[in-house]
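Here the structure is laid out as structure tokens; the discussion comes afterwards.
Worth knowing before you read on, the calculation uses all heavy atoms, side chains too, and leaves out hydrogens, waters and symmetry mates. All residue numbers refer to positions in the sequence shown, counting from 1.
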Amino acid sequence: MSEKKVFVTVGTTSFDDLISTILNHEVLEALALRGYNYLSLQIGKSSLEPDCTPRYGINHIEYFHLSSSIEDHIQAADLVISHAGAGSILEALEAHKHLIVVTNQLLMDNHQLELAQKLYEDKHLYYCTCDTLLNTIQTMELHILKPFISDGSKNIINHLDRIMGFK
């Protein structure tokens, strides 16, 4: 059986809710039902020690805290599930990977939500919260997502500048 990989990234911060949600048995089962069987977690500055015991149809689970580059992990993935950091989002989209962005509802000024909404409206990704991740995995239709064109980054940068009040 070939490996179908999911890469989860929380960036350089801590987003324990996302890691805990991913490792929930219902989410693991939903991923397995979609054919995914390999899970790699980049857990950032978390103090969690994820249980890497294969279970619920996922044959391999691994984690690491930080890396100088997550490019290789993104390239190896069939699906990326990411926090809503602009750098992680753009890196996954520019690698032409299917992407689910999970916004962190604990952030005060959540400009990340606006970026995720814009890219969802343009049909480049799905976005959700930890509470709705299971439903997103169960209902996503990856074939309708449009490839992200790298020169579109200028539009995203302009959109971010507007959100941050620079323009």
Side-chain angles (χ1 to χ4, degrees), residues 4-24 26-36 38-44 46 58 69-167:
K4 198 167 172 190
K5 297 181 178 186
V6 177
F7 175 58
V8 179
T9 179
V10 302
T12 58
T13 61
S14 177
F15 192 180
D16 291 350
D17 286 346
L18 176 55
I19 300 304
S20 297
T21 300
I22 288 287
L23 293 172
N24 174 287
E26 291 177 307
V27 172
L28 292 175
E29 287 174 348
L31 288 169
L33 283 172
R34 291 290 188 141
Y36 300 102
Y38 188 109
L39 179 63
S40 181
L41 307 164
Q42 182 270 316
I43 66 170
S46 175
I58 304 298
S69 171
I70 59 172
E71 180 180 358
D72 290 342
H73 296 279
I74 289 173
Q75 289 297 332
D78 298 289
L79 173 67
V80 176
I81 300 175
S82 175
H83 72 120
S88 296
I89 291 172
L90 292 175
E91 192 166 355
L93 290 176
E94 288 176 349
H96 302 288
K97 297 297 175 175
H98 292 135
L99 177 61
I100 300 173
V101 171
V102 182
T103 59
N104 187 343
Q105 294 176 294
L106 300 177
L107 296 178
M108 296 289 280
D109 181 22
N110 202 349
H111 63 276
Q112 295 179 345
L113 176 60
E114 293 180 49
L115 175 61
Q117 286 173 328
K118 172 68 175 145
L119 290 166
Y120 171 77
E121 289 167 9
D122 292 344
K123 296 189 178 358
H124 295 302
L125 55 76
Y126 282 95
Y127 80 98
C128 60
T129 63
C130 288
D131 292 339
T132 60
L133 178 59
L134 175 61
N135 183 64
T136 300
I137 292 168
Q138 292 170 329
T139 61
M140 65 185 179
E141 296 180 48
L142 298 176
H143 67 277
I144 68 169
L145 294 179
K146 296 178 181 177
F148 182 77
I149 308 302
S150 292
D151 63 355
S153 295
K154 291 181 180 75
N155 292 332
I156 300 303
I157 291 167
N158 288 334
H159 185 72
L160 285 173
D161 283 347
R162 281 193 298 282
I163 291 170
M164 300 302 289
F166 300 137
K167 286 189 175 187

So with a 6.0 Å cut-off around CD of Q117, is the heavy-atom count from everything else above 12? yes

Measuring from atom CD1 of I137 to atom CD of E26, what distance do you get when rounded to the nearest 0.5 angstrom? 11.0 Å

With heavy-atom distances below 4.5 Å as the criterion, would you say the side chains of V80 and I100 are in contact? no

Taking the side chain as C-beta and beyond, is there a heavy-atom pair between L133 and I22 under 4.5 Å? yes

Judged by atom type as modelled, is there a donor-acceptor pair below 3.5 Å linking the side chain of Y126 to the main-chain atoms of L145? no

Pairwise distance CG(L31) to CG(L134) - rounded to 0.5 angstrom: 9.0 Å

According to the interplanar angle, ranging from 0 to 90°, do the rings of Y120 and Y127 count as parallel (below 30°), tilted (30 to 60°) or perpendicular (above 60°)? perpendicular

Do we see a donor-acceptor contact under 3.5 Å between the side chains of S14 and D16? yes

Rounded distance [0.5 Å steps], CD in E29 versus CG in N24: 8.5 Å

Considering all heavy atoms, the nearest H124-K146 contact: ND1-O, 3.0 Å

Within the 6.0 Å centroid threshold, strictly below: H83 and F15: no

Can you tell me how far the CG atom of L41 sits from the CD1 atom of I19, to the nearest 0.5 Å? 5.0 Å

Given side chains that start at C-beta, do those of S46 and V10 come closer than 4.5 Å, heavy atoms only? no

Here the pair of heavy atoms bringing V27 nearest to T21 is CG2-O, 3.3 Å

Measure the CD-CD distance between E91 and Q75 for me, rounded to the nearest 0.5 Å. 8.5 Å

What is the minimum heavy-atom distance between A77 and K97, and which atoms define it? O-NZ, 2.9 Å

side-chain contact (heavy atoms from CB on, under 4.5 Å) assessment of L79 paired with Y36: CA-CA 9 Å; L79 173 67; Y36 300 102; 3.7 Å; yes

Please report the shortest heavy-atom distance between S40 and H73, naming the atom on each side. OG-ND1, 4.0 Å

What residue among T103, V102, T129, T9 forms side-chain contact (heavy atoms from CB on, under 4.5 Å) with L18? V102

With a 4.5 Å limit on heavy-atom distance, are the side chains of V8 and L39 in contact? yes

Can you name the nearest heavy-atom pair linking T136 to C128, along with the distance? OG1-CB, 3.3 Å

How many angstroms lie between CD1 in I81 and CZ in F7, if you round to the nearest 0.5 Å? 11.0 Å

Return the minimal non-hydrogen interatomic distance between E71 and S69, and the atom names on each side. N-OG, 3.1 Å

Decide side-chain contact (heavy atoms from CB on, under 4.5 Å) for L119 and F148; before the verdict, give the C-alpha distance in whole Å, the side-chain angles of both, and the deciding distance to 0.1 Å. CA-CA 9 Å; L119 290 166; F148 182 77; 4.1 Å; yes

Start with the C-alpha gap between M140 and R34, add the side-chain angles, then the distance that decides, and say whether side-chain contact (heavy atoms from CB on, under 4.5 Å) holds. CA-CA 10 Å; M140 65 185 179; R34 291 290 188 141; 3.9 Å; yes

